[in-house]
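Report on one structure; see the data block that follows.
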2 protein chains.
Amino acid sequence: MGIERDQVVRTALRLLDENGLEKLSLRRLAGELGVQAPALYWHVPSKRALLDHMTDVIVAPLVPELAGPSDPAAWPDWLRRTAGLLHEALLAHRDGGAVALGAGLHRAVALGAVAERIVEVLHEAAGLDLADASRGAGTVLQLVIGRTVEEQALTDVTPEALAEVRSRFPSMAAALALRQGPDDDAASFRFAVDLLVEGLRAVAPPDRAD
Amino acid sequence: MGIERDQVVRTALRLLDENGLEKLSLRRLAGELGVQAPALYWHVPSKRALLDHMTDVIVAPLVPELAGPSDPAAWPDWLRRTAGLLHEALLAHRDGGAVALGAGLHRAVALGAVAERIVEVLHEAAGLDLADASRGAGTVLQLVIGRTVEEQALTDVTPEALAEVRSRFPSMAAALALRQGPDDDAASFRFAVDLLVEGLRAVAPPDRAD
DNA sequence: ACCTGAACACCGTTCAAGT
DNA sequence: ACCTGAACACCGTTCAAGT
């Protein structure tokens, strides 16, 4: 009796949390499972596929939360909440953003379900045509995942690099001084999501509730 | 008389255009320059630094175009134009988006200058406080670079993967059908930038010109 | 059905030594 | 100042062969 794909994916997720994405190799993963690296290719066709399935597990907690807004006019709040939930799910795993970046939605089905739901809500509740609804949904996912990647990566910004940026670019230096403190990541995430939601409100057809 | 850093960076850019980012290794680059791989470490401290300098060259065409809007009230048009110019500059090199993704602004100085200018315009012309101006600028860069990465990467989406997405997610399937055609990338880019610009207008203090 | 052994074709980086 | 030789410590992936 050998290993199963689900076990492979969950072990990979544990190694990710312990050592980060750049230490997650198929050889290490195989070692952890007590097999040789090529054995993994029976369970998974490539490393990218493994990362896609890991993304599926990472984003799975969102799926029960995807019911649309009870009141269609409340779609902006629903979208903010959904973006926040995705952000949290990605932050819950070390390098979760980087794993999800570029994931194929055919394998990261939970992420696909999030995308699908956002398209529906932007189409049906916000009143965008389907093409723009899907563009909007893509932009939301890209922004949430992209911001999470930066948040989880900024360990490796050296103080010297920061000092150089500061000395070259005075407005950014002043801005960085204002953005000290542990809540800045959360505030910046909220700000970015708000920009998008307000932008979507601006391009959406006017609602009777306005 | 040996090689110079500028020569290293420009040769790297040529190899990038010819073979793409995943084939750009320090060994190949060294071979192209007629030296051994470790020789590159005299000119550049790491591969990431090389990519940062490549980003600097890629984004350099923007620098002469960075004068702010003549009329402060015209900042939304200025921002759309600047985003478009950055997009074009990144598209001008194979995998240009991926190279710029995560570049350090202390070495990719031209990209730093773009960021700095956007912060200034959002602060002085749009009237955002400095913290939000820098958050807004960061969001713009992230969106432009992120969309360019996706645009330049979508060669490797297999038809089978697409078919699976289509069969699982009906709204996305319908949306994809509407988004056929060669202009969709440009339209989607414009849509995403518009979302952000409209969002910024919404959070900016009202202007006398409104 | 599930895995191993052995190999292919590579990586980025370090560092003593050479000129 | 600029580069080589040799090595360290790895990678993802393929494929014939084994059980």
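Throughout, protein chains are lettered first and strands after them, A, B, ... in sequence-line order, and every chain is numbered starting at 1.
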Nearest-angstrom distance from the residue atom CG of L21(A) to C1' of dC11(D): 13 Å
Sequence neighbours excluded, which residues qualify as side chain to side chain contact (heavy atoms under 4.5 Å, CB included) partners of R190(A)? D194(A)
For atom CG of L33(B) and atom P of dT4(D), their distance in whole Å: 11 Å
Picking from dT13(D), dT4(D), dC3(C), the nucleotide nearest the side-chain atoms of Q36(B) would be dT4(D)
Quick one: L24(A) CG to dC11(D) C1', roughly how many Å, whole number? 12 Å
The side chain of L26(A) is closest to which nucleotide in this list: dG12(D), dT4(C), dT13(C)? dG12(D)
Charged N-O contact under 4.0 Å between D77(A) and R81(A): no
Using the C1' atoms only, state how far dT14(C) lies from dC3(D), rounded to an integer number of Å. 14 Å
Over how many whole Å does the gap from E22(B) atom CD to dG12(D) atom C1' extend? 11 Å
Here the distance between atom C1' of dC15(D) and atom CH2 of W42(A), to the nearest Å, is 17 Å
If you only use heavy atoms from C-beta on, which nucleotide in dT13(D), dT13(C), dC3(C) is closest to the side chain of A39(A)? dC3(C)
Can you identify which nucleotide, out of dC11(C), dC2(D), dT13(D), has its nearest atom closest to the Y41(A) side chain? dT13(D)
Just name whichever nucleotide pairs with dC10(C), Watson-Crick or G-U, keeping both distances under 3.5 Å, else none. none
Side chains of N19(A) and L24(A): closer than 4.5 Å at any heavy-atom pair? no
Once you apply the 3.5 Å cut-off to both distances, tell me the Watson-Crick or G-U wobble partner of dT19(C), or none. dA1(D)
5' priority, DNA chain C, between R27(A) and L40(A) [closest heavy atom]: L40(A)
Please, which pairs that meet ring pair (Phe, Tyr, Trp, His ring centres under 6.0 Å) have at least one residue in residues 170-193 of chain B, sequence neighbours excluded? H87(B)-F189(B)
When rounded to whole Å, the CD to P distance for the pair Q7(A) and dC2(C) reads 12 Å
Atom CG of N19(A) to atom P of dC10(D): distance rounded to whole Å? 12 Å
Among the candidates dC3(D), dT4(C), dC11(D), find the nucleotide nearest to the side-chain atoms of P38(A). dT4(C)
Say whether S188(A) and R179(A), considering side chains only, have a donor N or O and an acceptor N or O under 3.5 Å apart. yes
So, is H43(B) close to the dC3(D) phosphate, meaning a side-chain N or O under 4.0 Å from OP1 or OP2? yes
Check every atom of dT4(D), dC3(C), dG12(C) against the side chain of V35(B) and return the nucleotide holding the closest atom. dT4(D)
How far does the C1' atom of dA7(D) sit from the matching atom of dC11(C), given to the nearest Å? 14 Å
Between dT14(C) (P) and K47(B) (NZ): distance, integer Å: 15 Å
